[in-house]
2 protein chains.
Amino acid sequence: MKNEILQNPSLEESFDLLKRDNPETFFHNRQRIRARSMIVSFGYCQVDYEGRASSSLDFGDRLVILKKDGTALIHQNEKREPVNWQPPGSSHEAILKVEGEEPTDLILRSVRSNPFEVLDIAFREIHLLSILKGEDEAQLNLSGSEKSMGNRIMKQPDLIEQGFIPIEREKKTPFGPVDIFGKDYEGNIVVVELKRRRVGPDAVSQLKRYINALRKEESETKGENFRGILVAPSITDSAKDLLEEEGLEFVSLNP
Amino acid sequence: MKNEILQNPSLEESFDLLKRDNPETFFHNRQRIRARSMIVSFGYCQVDYEGRASSSLDFGDRLVILKKDGTALIHQNEKREPVNWQPPGSSHEAILKVEGEEPTDLILRSVRSNPFEVLDIAFREIHLLSILKGEDEAQLNLSGSEKSMGNRIMKQPDLIEQGFIPIEREKKTPFGPVDIFGKDYEGNIVVVELKRRRVGPDAVSQLKRYINALRKEESETKGENFRGILVAPSITDSAKDLLEEEGLEFVSLNP
DNA sequence: CGTTCGATATCGCCT
DNA sequence: AGGCGATGTCGAACG
């Protein structure tokens, strides 16, 4: 249960550490990797991905992370997103390429089975290799999402308008659940779509789809009137135009 | 230009390393951080985020990455996504909290100015602290995206249908650019929307919005006929229903 | 499994 | 800076 940290190890030393940390060896130069917690490496490498799309990344120094759930991440020194990755459930192995007597590359290979995709990270030099074995049972506690907007409206329906009566949360339609389904003070059916941030035309289309689906479902029995209300902090101009064209309404509400 | 790597440093040693690596000190116990390439740390910490939403994460061992562009990432031992983060452009500092004589916490604070959001990472123990200074000029070369589908169709228009004539790529509408705008063998106007993966109802709505916008723009001058074609590897059932209702068409094409 | 949609989405392009 | 759409989007909830 001790972390292993190597500074500027040779490719062979790196391979041996990965080998020592895991009993299942494929061949003398191929080693399955199962991280206990995380394996973190920083080194000079080249990256190739082949799958639904394909990509290549020329040599450079970057950070590679292998997680215990099979996630693989490659981070350059900018941006929030990994330049290449493999999602959870992938399997990892290390391959030591030898030319004559000398190891030339240490390849970390990550394979995803469905869809079949392969990620190859070929190291020429390794500046840092660490096998980290910490404990982490904690789970994130998040508030301020769309769900909490809905909770607030259910508790205080006149945030939408005076006399609004919510009936059903997440009411099912063929195109997905309506956020809040209710009636206004006159008895008209009201479909509410919530967004936690400024909305564009896509949200208007989404609301329209729900209304059309419900209208088709219910209007055959009774001749009800339908209103659609988009609830968000703000709305773009083009979305406002579309909204008015479609006879829908907007209510401003912060998350 | 040498990497600095500490294994199981004290909070004070960690703070001193960060201090040594950067000349601008705010106070004796507050230190601005500007990573040359990346700062990578693994330790026992608690995380709080307050901004558009807010979150808290109880103590556990996790990986923290600070990048030179101001990105901050916190990774647990599962999933592709960071549990907390700050996007590029944020500013980082280290704060050593002292109770009596003893340091109790090393806080890495990341602040984003617009919108104003603060991320606090409070370390109790540090298992690994590394200041990494590699070089990476390489850029990702990706193929197989939506753009390449468009290129293929422009070169070989009958992938859409016999006699299709593309006229304009990315033609502007008030709701965004139409992927391919053209005519069929009868002279009807054709609006093509490309998707590199299986499409749902949102793509149908998107295509319909474009057609409506173009129809409004052009039909006043001439009485043209409009066709909308969704091009993707496949389509979901509900999207197919919606598509037929709207009088639109589907062509299957792999990316 | 597939479908659908939210996200502290991020990112890039264009106006 | 804001609008808009793509992403190898990811992730969760539900059928």
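Proteins come first, then strands; the chains are lettered A, B, ... in the order of their sequence lines, and each starts at number 1. All values below were derived from every heavy atom in this structure, side-chain atoms included, with hydrogens, water molecules and symmetry-related copies excluded.
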Heavy atoms under 4.0 Å, any strand shown: does A:G51 hit a base, just sugar-phosphate, or nothing? nothing
When all nucleic acid strands are considered with a 4.0 Å heavy-atom cut-off, which category describes A:P88: base, sugar-phosphate, or nothing? sugar-phosphate
Using 4.0 Å as the upper bound for N to carboxylate O, is an ion pair formed by A:E81 and B:R80? yes
Members of residues 244-255 of chain A that approach DNA chain C, where some heavy atom sits under 4.0 Å away: none
Report which part of the nucleic acid B:E193 touches: base, sugar-phosphate, or nothing (heavy-atom distance under 4.0 Å, all strands). sugar-phosphate
For the side chain of A:D136 and the backbone of A:A138, is there at least one donor-acceptor N/O pair under 3.5 Å apart? yes
Scan residues 44-91 of chain A for pairs that pass ring pair (Phe, Tyr, Trp, His ring centres under 6.0 Å), counting only residues two or more places apart or in two chains. A:Y44-A:F59
Decide yes or no, distance alone: a donor-acceptor N/O pair under 3.5 angstrom between the base of D:dG8 and the side-chain of A:N84. yes
Between A:E135 and A:R36, does any side-chain N to carboxylate O distance fall below 4.0 Å? no
With the criterion being N/O to N/O and under 3.5 Å, what pairs connect the protein with nucleotides 12-14 of chain D, and how long is each?
| from | atom 1 | to | atom 2 | distance (Å) |
| --- | --- | --- | --- | --- |
| D:dA12 | OP2 | B:K79 | NZ | 3.4 |

Under 4.0 Å, counting only non-hydrogen atoms across every strand here, what does B:R52 touch: a base, just sugar-phosphate, or nothing? base
Would you indicate what B:Y210 reaches in the nucleic acid, counting non-hydrogen atoms under 4.0 angstrom: base, sugar-phosphate, or nothing? sugar-phosphate
Whether the side chain of A:Q206 and the base of C:dG6 hold a donor-acceptor pair under 3.5 Å is what I'd like checked. no
Expressed as a whole number of angstroms, how long is the span from B:E81:CD to D:dT9:P? 13 Å
Taking any heavy-atom pair under 4.0 Å as a contact, classify B:D202: base, sugar-phosphate, or nothing. nothing
